[in-house]
Amino acid sequence: MATAFSCAASKASESFIANLATAGVENCPVAWTVGADAAEMVGRDSYFQGTTPLDTWVGYLVVIGFGALFSVFTTIVVYLDKTFAGNASMTSEHFNTAGRMVKTGLTASVIVSQWTWAATLLQSSNVAWQYGVSGPFWYASGATIQVLLFGVLAISLKDIAPSAHTMCEIVRARWGKSAHLTFLFFAFCANIIVTSMLLLGGAATVEALTGMKYELASFLIPWGVILYTSTGGLKATFMASYLHTMIIFAVLITMITLVYIKVYSSDQIYSFLDNTVSYSPEQCMAIYSTEGTVETTFFYSGDKEVLGVTEGTAQYACGPVAGNAQGSYLTMLSADGLMFGIINIVGNFGTVFVDQSYWQSAIAARPASAAKGYLLGGICWFAIPFSLATSLGLASTALMLPITRGEAGSGLVPPAVADNLLGDAGAVLVLIMLFMAIVSTGSAESIAVSSLVAYDIYREYINPEATGKQILWVSRVVIVAFGIFMGLFSIALNAMGLNLGWVYLFMGIVIGSAVIPLWNMMTWSKASGKGAIIAAWGGFVLALVAWFVGAAVESGSVSVSTLGSNPVMLSGNLVAILSSGLIHYVYSKFIDPQEYDFATLDANIHLVEQDTAGLTEDVINKDDIRRSKRWIIRRGYLLTFVLIIVWPILSIPAQVFTESYFSFWVLVSIAWGFGAAIVISFLPLFESQDEIGNVCSGIMNYVMCKKVEAEEYAEEEPAKEVDEPEKEAEVAAEEDAA
């Protein structure tokens, strides 16, 4: 296949081609020549333009059918766990902590699953569409380092607060009620923002691909999460998340293979991207027009109202990229790409460190697996935005598909490219992949919110003597209520004109100020509780002020559009995290210094059913934990330094990539994608082969009518009951009398 396409070979009409020739256009978009829909791409003002590649019933099948499928799956898993693994009852402790014995592979798989948002799949390709190769890199690296560094907090939690159920319990135990209420607010904000992005991106894509009404999709999607999360609790959710991750990686590998191996090659994509930036503004206007002339163009926004776009802004990927070296997509020297990277880094610290779901995964992991699971999960997750956007995101600009800026901002780049490559099958694959991301992260967010409400509101302020059954009931009710609320809330956000890209950039402004105080809580004995409260609220207020002032200074007005620009979002994000860190340090160091003894922290956190699975001395080995802490600190800091400093600096001398350099870049993305898929798919199975064997043996014995005690199949660390204080006192009195 030739690497350049003349207009004569395209499916455009003779008159259209003649008009383009008058404008000096010799090579037409690849999308006009390749594919079954090539003729339809000519003169098209948007990719989807009100039509859908799939029937509406497909949307209902995926949204409702997959929800029912995973509900059945987790119900069966829970039944098998009860019957053949020795877990005879579902306690509130087990429901919310998964027995605190999850192994490295499953921990890593869960981290990948819950960190793969709709934005991971959709927004990462949007920034590739906007900035080129720097977009996927900064999305991936800017959101990986938080998971790597959270490994430090994960192992610290196992050391100083192994009995915790939520991060806010730890805040209450160390800093008291006022700090507890403060960080409870930020925790709920994190859960709501993350779930909002899931539904905003997910519902928009379901609507674009199937025609299913946005409002209906927003309301129905959470029910797939509600059903199986409320049924199986955290452990069954982990098992379902493993299946989600496998499906996501399967689609990822398919898309990489199509773009760079089966349909095109890295050399062809390189040539196409060079062609995309070779056009002048007048030539772009002629290409994106109804008749091939400047006079009939729809290249600029005109009177079309698009979020974040002012009148006269180019609506399509055509011509040199502003702010990039030589206007190329093939460079890491991108001013806007770097700015996005900084926003991404700051914002994602909030959505990891302030999100209860990541603390809950750390709580559920074995001490020996906590640090390794987060490190491995971060490395494997990097492949999803990096490899997916390097294939689908760059292909969208290389082929010059008529994707508008508004469609890209709503996350429609991946489904557009998949539809162009595979037709209906591609659209179905992206829809399934997206639904996997929504339900996996959605289930983690749902059970995180239920834990916060059950332990930090109901047990703390409403019913301090709550029993395990009451905690379990509250947890399940909250999962249902939160799902319904988020469906309605995402509809409201869409009505306000907020899309996925806007909310993604905004999140750090709201929750960034809580990051450093939470880090200090777990790692710094001098950290002041009063200082943490002042820092969190002070940073939040200063961030909002900087955000509004920045919009007014840059654009002269404050609106949804002006607040959504990169420089304005950057100012708010930076002020949030840096000001709160400075305030907390100064207050703790010079005004209210503490000398906190971390050894006393866990004594202030109380279990409900006295279920000590994962908390016994043979599991909580302080020497092993200290070694694990040194291990994750060295590797977490080193990988962070490599991803955000060393890698970008090494790519600077290349400036605009050569064909061979780009081929190497693509090779890295392919290898990383395949390697991550293999590790994350097979390691959990390898580590759990004994448990899987026990369940299989139990099923065989059941089928063959052999009676075997459940204890024979029990996990290596079953739940253990400790004596209540009254019973301990009675036993001690009897011993004294004897």
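Residue numbers count from 1 along this sequence.
- When each of Ser361, Ser109, Ser241, Ser440 is checked for a side-chain hydrogen bond (donor to acceptor under 3.5 Å, both in side chains) with Gln114, only Ser361 meets the rule.
- Relative orientation of the Trp117 and Trp115 rings is perpendicular, given thresholds of 30° and 60° on the angle between their planes.
- Side-chain atoms of Ser387 and Ser669 form no donor-acceptor pair, as typed in the model, at a separation below 3.5 Å.
- Partner of Trp672 under the ring-ring contact (aromatic ring centres under 6.0 Å, His included) criterion, chosen from Trp381, Phe382, Phe249: Phe382.
- Dense packing is recorded around OH of Tyr637, with more than 12 heavy atoms of other residues, nucleotides or ligands lying under 6.0 Å away.
- A donor-acceptor pair shorter than 3.5 Å cannot be found between the side chains of Thr331 and Asn324.
- Between Phe150 and Trp359, the ring planes are perpendicular. Angles over 60° get that label, and only those under 30° would be called parallel.
- Asn348 and Gln146 share no donor-acceptor pair across their side chains, judged by distance under 3.5 Å alone.
- The aromatic ring centroids of Trp647 and Phe137 lie less than 6.0 Å from each other.
- A donor-acceptor contact under 3.5 angstrom links the side chains of Tyr47 and Asp419, judged on distance only.
- Rounded to the nearest 0.5 angstrom, Tyr329 OH and Ile269 CD1 are separated by 13.5 Å.
- In this structure, CD1 on Ile670 lies 10.5 Å from CZ on Phe386, to the nearest 0.5 angstrom.
- Atom CG in Leu412 sits 9.5 Å away from atom CD in Glu207 (nearest 0.5 Å).
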